[in-house]
Protein chains: 2
Amino acid sequence: MQQDQPQAKEQVILAAARKRFAYYGFSKVTMDEIASDVGLAKPSLYYYFPTKEKLFRAVIGHEQEKFTRDIELMLKKEAPAGQKLREYVDMRIRLFRELVNLSALGVQSWAEVSSIFGDLFTRLEEQELKLLHAVLLAGKGTGELELVNPAQTAKLILHVLHGLRVRTFSTARPPHVENGTYADLKKDSDHLIDLLLKGMTRQSSH
Amino acid sequence: MQQDQPQAKEQVILAAARKRFAYYGFSKVTMDEIASDVGLAKPSLYYYFPTKEKLFRAVIGHEQEKFTRDIELMLKKEAPAGQKLREYVDMRIRLFRELVNLSALGVQSWAEVSSIFGDLFTRLEEQELKLLHAVLLAGKGTGELELVNPAQTAKLILHVLHGLRVRTFSTARPPHVENGTYADLKKDSDHLIDLLLKGMTRQSSH
DNA sequence: CTTCGACTATTTTACCTAACAAGTCGAAAA
DNA sequence: TTTTCGACTTGTTAGGTAAAATAGTCGAAG
């Protein structure tokens, strides 16, 4: 067994942890449970991850990488900025639905998660702001979008999308959310980005 | 003393209750405290209001009347729909800042308040939706605004404004909020309504 | 009609303790 | 050397209990 790659064992632990954290939340999951899930004793977990917090941070780190990578891939494709924004909004909802732990960071359903791991949320925001800002800048550069201050607009869009998410999940924490709730969020988000794009898009000549 | 108008005593109790509820929240305030504030014994409060809940509902009722009345007054004035919307957004922030108990209903800072008094929040939403819808309809009627579905757009605007509020006050409950927080909310809200109006406003001929 | 002292019933709080959970260590196994 | 884990320590949490607090009541007084 000593010829196993350590990274493989880490991945197994991360997957098990990710699953439990997503379902029960950080504070309700015990290291004993995760250890049992992967067929180890608890002290063995600490061989790979020095603290429960660091395990959770690793889980978040992985989810954030996937989130960012998927969005970046999408944004790399040649398309008008408006189309990218629309796709971004929908993809964002889908990704947050899938990456439950990452999603919970921004929704503040768990108070202790938000205060201890607030830096993680801040980092996610900064990354999203960068991506969104780039899209708006590109749209302005091609003349597609008419923007006075793309950075401010990107920030606003993020705040508004965040607000919609927070209000939506204020009474039910993922994954205990009904499909209708996601449908409502998508409807609002799509409608919103349509309207915002209408206000940002340079008018073609009459 | 028995010639005093009962309504005057009720108003005194309501004012004292409103002040305490706003500062400490529904559950932390005792009927003994309110009684002492108005110079009565606790059983005397129950002479005017049969339960603590009904006292709180009366407080909310009064705040909601003021909220609705002020906004209605403003909307009655002759002005373009866009200007009304802008003024509405700013006035909304100011009123919620002043009417702390009403504000808390929508922000869900107190879990028990939200579940017991959720019907009050729903009623407020319905009233706002009516007002906003009327503004959008009028703007569409004059040709100022270009809208496919004014009711849907009114609902979206309310959801988005609510989301901005919820995310803003997720970590500090009014009245324990700093001025900078209000300034940020106003900035986002103004910027948002500007952009939305840009998307809704019928373009003048070039 | 209005007020309130005394009271009841329920809820909340404070306190205590056992159980639980994060983390550690030395030793064994691989 | 790396990986694993039984036994352990330390701090936190959960549950139970009694006391205190609070919503609400009632009869009597003004």
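This structure is a prediction, so every number in the text was calculated from the model and none was measured. Every chain is numbered from 1 and lettered A, B, ... according to where its sequence line falls, protein lines coming before strand lines.
Distance from the side chain of S44(A) is smallest for dT4(D) among the nucleotides dC4(C), dA22(C), dT4(D). Listed nucleotides: dC5(D), dG24(D), dG23(C). Nearest to the side chain of T51(B): dG24(D). The Y46(B) side chain lies nearest to dG24(D) when the options are dA22(C), dG24(D), dT4(D). Comparing dT24(C), dT4(D), dT25(D) by their nearest atom to the side chain of P43(B) picks out dT25(D). In this structure, the nucleotide among dT3(C), dG23(C), dA6(C) sitting nearest to the side chain of K9(B) is dT3(C). Taking every side-chain heavy atom of L40(A) into account, dC5(D) is the closest of dA22(C), dA23(D), dC5(D). Listed nucleotides dT3(C), dA21(C), dC4(C) differ in distance to Y48(B); the shortest reach to its side chain belongs to dT3(C). In the set dT3(C), dT4(D), dA22(C), the nucleotide with an atom closest to the side chain of K42(A) is dA22(C).
Applying the salt bridge (Lys or Arg N to Asp or Glu O under 4.0 Å) test to pairs two or more places apart or on separate chains, those with a residue in residues 184-193 of chain A are D90(A)-K186(A), K186(A)-D190(A).
Residue R20(B) holds its CZ atom at 4.0 Å from CG of D37(B), rounded to the nearest 0.5 Å.
Without hydrogens or angle criteria, K42(B) side chain to M31(B) main chain gives no donor-acceptor distance under 3.5 Å. Distance alone, capped at 3.5 Å, is enough to place a donor-acceptor pair between the T153(B) side chain and the N149(B) backbone.
Spacing between atom CZ of F56(B) and atom C1' of dA23(D) amounts to 16 Å, rounded to whole angstrom units. A straight line from NZ of K52(B) to P of dG24(D) spans 8 Å, rounded to a whole angstrom. With rounding to whole Å, M31(A) atom CE is found 17 Å from dG6(D) atom C1'. Residue I34(B) contributes atom CD1, which lies 18 Å from atom C1' of dT3(C) at whole-angstrom precision. Atom NZ of K54(A) and atom P of dA22(C) are 16 Å apart (whole Å). One interatomic measurement links the two molecules: CG of D32(A) to P of dG6(D), which rounds to 11 Å at whole-angstrom precision. Between L45(A) atom CG and dC5(D) atom P there is a gap of 10 Å when expressed in whole angstrom units. Taking atom NZ of K28(B) as the reference point, atom P of dA23(D) lies 12 Å away to the nearest angstrom.
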Just distance, no hydrogens or angles: give the donor-acceptor pairs under 3.5 Å from side chains in residues 51-58 of chain B, sequence neighbours left out.
unit_1 : atom_1 : unit_2  : atom_2 : d
T51(B) : OG1    : K54(B)  : N      : 3.0
K52(B) : NZ     : F26(B)  : O      : 3.1
K52(B) : NZ     : V29(B)  : O      : 2.7
E53(B) : OE2    : R57(B)  : NE     : 3.1
R57(B) : NH1    : D119(B) : OD2    : 2.9
R57(B) : NH2    : I116(B) : O      : 3.4
R57(B) : NH2    : D119(B) : OD1    : 3.0

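Between E33(A) and P50(A), the residue whose closest nucleotide on DNA chain C is further toward the 5' end is E33(A).
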